[in-house]
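Have a look at the structure below, then the notes.
Reminder, nothing fancy here: chain letters follow the sequence lines and each chain counts from 1. Atoms considered below: every heavy atom in the structure, side chains included; atoms not considered: hydrogens, waters and symmetry mates.
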Amino acid sequence: MRTNDEVAALLAEYADLLAITGGDAFRIRSYEKAARSVAGYPQDLAQVDPAELARIPNVGRAIAAKIRDYLGTGHIRQLEALRTKVPDGVRRLTGVPGLGPKRAMVLYTERGIDSVDELAAATAAGRLEGLPGFGPKSEENLLRGIELVRKSAGRIRIDTAMDLAAELITRLSAVPGCIRCAYAGSLRRMRDTIGDVDILAVAADPAALMTAFRELPLAAEVIASGEAKTSIRTTDGIQADLRVVPEGSWGAALLYFTGSQAHNVRLREMAIHRGLKLSEYGLFDAGTGTGTGAPLAAATEEDVYQALGLPWIPPPLREDSGEIEAAQRGELPVLVTEADLRGDLHTHTNLTDGVASLTDMLEAAAARGYAYYAVTDHAPNLFMQRMTDEKMLSQRAEVRRLDGQFGGMRLLHGTELNIGPDGEVDWPAEFLDGFDLCVASVHSHFTQPREEMTRRMLRAVENPHVAILGHPTTRKIGRRPPVDADLDAVYKACARTGTAIEIDAYPDRLDLSAEHVRLARRHGVRFSIDSDAHAVGHLAAMRYGIGTAQRGWLSPDEVINTWPLDRLTAFLDAGRTRAS
DNA sequence: GCCGTTTTCGGCCCGACTGTTTTCAGTCG
């Protein structure tokens, strides 16, 4: 984990514990704001002059001192003290949707409940009856919330897994005798959540690599360790497996450990039909047995696929959901890649809830080589952001002034509108005319009945000013289910009105999901892959949006922000006239 | 606890929904 993320996590924990113990609301807010600022701060905190810490926005004397304590000693005294008062399980209770700090504390003090499991048991046993604030309806909601939390239990966000994998590979690659090292598993397939991190390696001295893995500073526990495989649990509670394989079977092993299991099963069946046998050691004649005799193919994935009569299949497609048939017909899609992207069409600044200034965001975007970039801060109906016409127009003037000044990048001025309960959006049409593009998203009233939600989304899509439907299902992975709507009808309407559907790349959204991307593209819909960045570092989340798009079988031509600017603007203009 | 300035302390993201509370607290975005 980056130092900044470690510090941010501790500050956020401190805020949570203050909230649970009934601290001052503004003080709590200060720690939350500081946590977000630190997480979004571009410089590595470990490299920042200690005296300069307080110059980070929302970090003052007290919080700077705590950060210095952490950087110096690895601890924050005041946090340790609070931890002794509130079990970590009580904090985790607040992760249950609908359960906040106040009622979590009531559960703990009145009923001794300090884990989600205990809450489930207590609810089932009727032990919450008579507890103030816990009526029959809220019990029902809690049970639903517990279900959601449990479904995501044990799985982590893809960026968390990717960061861990990167660190493991860096460290293992530095071990003498490490010849190859790569991640496999669902991470390589770019699933939206990851169970455990699989690392594959080739080493001149496998035992030495295993030892190095077991002795990593981030290895909190060794679950199992042998000659070919070692499993650890990290200090963050994530399981990571290291498998060392012979160099000659690298491709077969990478294929095997990348999965999916369903994809592997299909490949093995194909092998059997050809009188062959496929294992993680290679593709063999069925008679010769595993690992004995020279494999027919094993060194690279391409070799193995080719020996089975297939082209190489990109990992995001390996789910046995039609990719093998497509490969046999020679009809695998040419998948969109990060290099195809020419711009980002949904981003924020500190004018609303971002933590970076306009120029900082532009500088970082230009460094990514974008040809164009849209600034789309929140609109006034998201009341907490306090947007006004004046602020928006002033930002527009600034965006116009800066156009072309960051690596020649063309700037678009947009906004992220709120889709109200009835499908209305912010601002009258005359004001919306002034924007280069409008993203529109649902930010409230998530639990409307299906009919109502569908009408609401259709109305937004049919609004001629709406160019992109932002994070369409509004799911938050592990925290909020997707909205209930007739999405098929929404996709049809998007195709008809020339409204692009967003793949929000932010790792806790990844919305649309890959499954829905595949459903939507059948209607000929266009997509926009956007970072929804609220900080400089978030711009790089694009890779996860690309992963989701690839899992959804998307080609560059289906993604509007791979297009040259003139084609993009033509699409935006056409949408304004075709809709409604 | 931070910020900005009024340079020493007042204002801070504001409004709505939900369920249970008989007048509003907790939670969320």
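- Comparing the same atom, C1', in B:dG10 and in B:dG29 gives a spacing of 26 Å after rounding to whole Å.
- Atom pair A:H378:NE2 and B:dC13:C1' shows a separation of 12 Å (rounding to whole Å applied).
- For the P atoms, the distance linking B:dG1 with B:dT6 amounts to 25 Å, nearest Å.
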Between the protein and nucleotides 15-18 of chain B, list the N/O to N/O atom pairs that are separated by less than 3.5 angstrom.
none

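- Cation-pi geometry between A:R521 and A:F527 is not satisfied (NZ or CZ under 6.0 Å from the ring centre, within 45° of the ring normal).
- Contact annotation for A:R479: no contact, since no heavy-atom pair falls under 4.0 Å across all strands.
- If you measure from atom OH of A:Y31 to atom C1' of B:dC13, you get 20 Å, rounded to the nearest angstrom.
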If you restrict it to nitrogen or oxygen atoms, what contacts under 3.5 Å exist between nucleotides 25-27 of chain B and the protein, and what is each distance?
residue : atom : partner : partner atom : Å
B:dT27  : OP1  : A:G100  : N            : 2.6
B:dT27  : OP1  : A:G100  : O            : 3.1
B:dT27  : OP1  : A:R103  : N            : 3.2
B:dT27  : OP2  : A:P101  : N            : 3.4
B:dT27  : OP2  : A:K102  : N            : 3.0
B:dT27  : O5'  : A:G100  : N            : 3.2

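- To the nearest whole angstrom, the two P atoms, one in B:dT20 and one in B:dC28, are 15 Å apart.
- Taking atom C1' on both nucleotides, B:dC12 is separated from B:dT5 by 14 Å, rounded to a whole Å.
- Between A:D377 atom CG and B:dC13 atom C1' there is a gap of 15 Å when expressed in whole angstrom units.
- Partner assigned to B:dC28 is B:dG15, using Watson-Crick or G-U wobble distances below 3.5 angstrom.
- Separating the CZ atom of A:R36 from the C1' atom of B:dC13 is a distance of 10 Å, rounded to the nearest angstrom.
- Using the six-membered ring where Trp is involved, A:H348 and A:H378 have ring planes that are parallel, under 30° apart on the 30 and 60° scheme.
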Distances under 3.5 Å only, N/O to N/O: pair up the protein atoms with those of nucleotides 3-12 of chain B.
residue : atom : partner : partner atom : Å
B:dC3   : OP1  : A:N58   : N            : 2.7

Legend entry - Step-by-step side chain to side chain contact (heavy atoms under 4.5 Å, CB included) determination, A:R480 to A:R509: CA-CA 10 Å; A:R480 186 169 65 214; A:R509 289 195 185 268; 4.0 Å; yes
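- Residue-level contact check: A:P136 touches the backbone only, with heavy atoms under 4.0 Å from sugar-phosphate atoms and none from bases.
- A salt bridge links A:R77 with A:D69: at least one charged nitrogen is closer than 4.0 Å to a carboxylate oxygen.
- Scanning for ring-ring contact (aromatic ring centres under 6.0 Å, His included) contacts around A:H538 gives A:Y506, with sequence neighbours left out.
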Which atom pairs, donor and acceptor, lie under 3.5 Å between side-chain atoms of residues 38-45 of chain A and protein residues at least two apart or in another chain?
residue : atom : partner : partner atom : Å
A:D44   : OD1  : A:A46   : N            : 3.0

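- Qualifying side chain to side chain contact (heavy atoms under 4.5 Å, CB included) partners for A:D484, counting only residues two or more places apart in sequence or in other chains: A:R450.
- If you take CG of A:N381 and P of B:dG29, they are 18 Å apart, rounded to a whole angstrom.
- Backbone-only contact: A:S138 has heavy atoms under 4.0 Å from sugar-phosphate atoms and none from a base.
- Residues A:H465 and A:F435 keep their aromatic ring centres 6.0 Å or farther apart.
- If you look at A:H443 and A:H445, their ring centroids are not closer than 6.0 Å.
- Looking at A:R127, its side chain does come within 3.5 Å of a backbone N or O of A:R111 through a donor-acceptor pair.
- Distance alone, capped at 3.5 Å, places no donor-acceptor pair between the A:R155 side chain and the A:D192 backbone.
- Of the P atoms belonging to B:dC13 and B:dC2, the separation is 15 Å, rounded to the nearest Å.
- Spacing between atom CG of A:L128 and atom C1' of B:dT20 amounts to 15 Å, rounded to whole angstrom units.
- Nucleic acid contact for A:F446: sugar-phosphate only, since backbone atoms but no base atoms lie under 4.0 Å from a heavy atom of the residue.
- Between A:T454 and A:D486, the side chains place no donor N or O within less than 3.5 Å of an acceptor N or O (distance only, hydrogens not considered).
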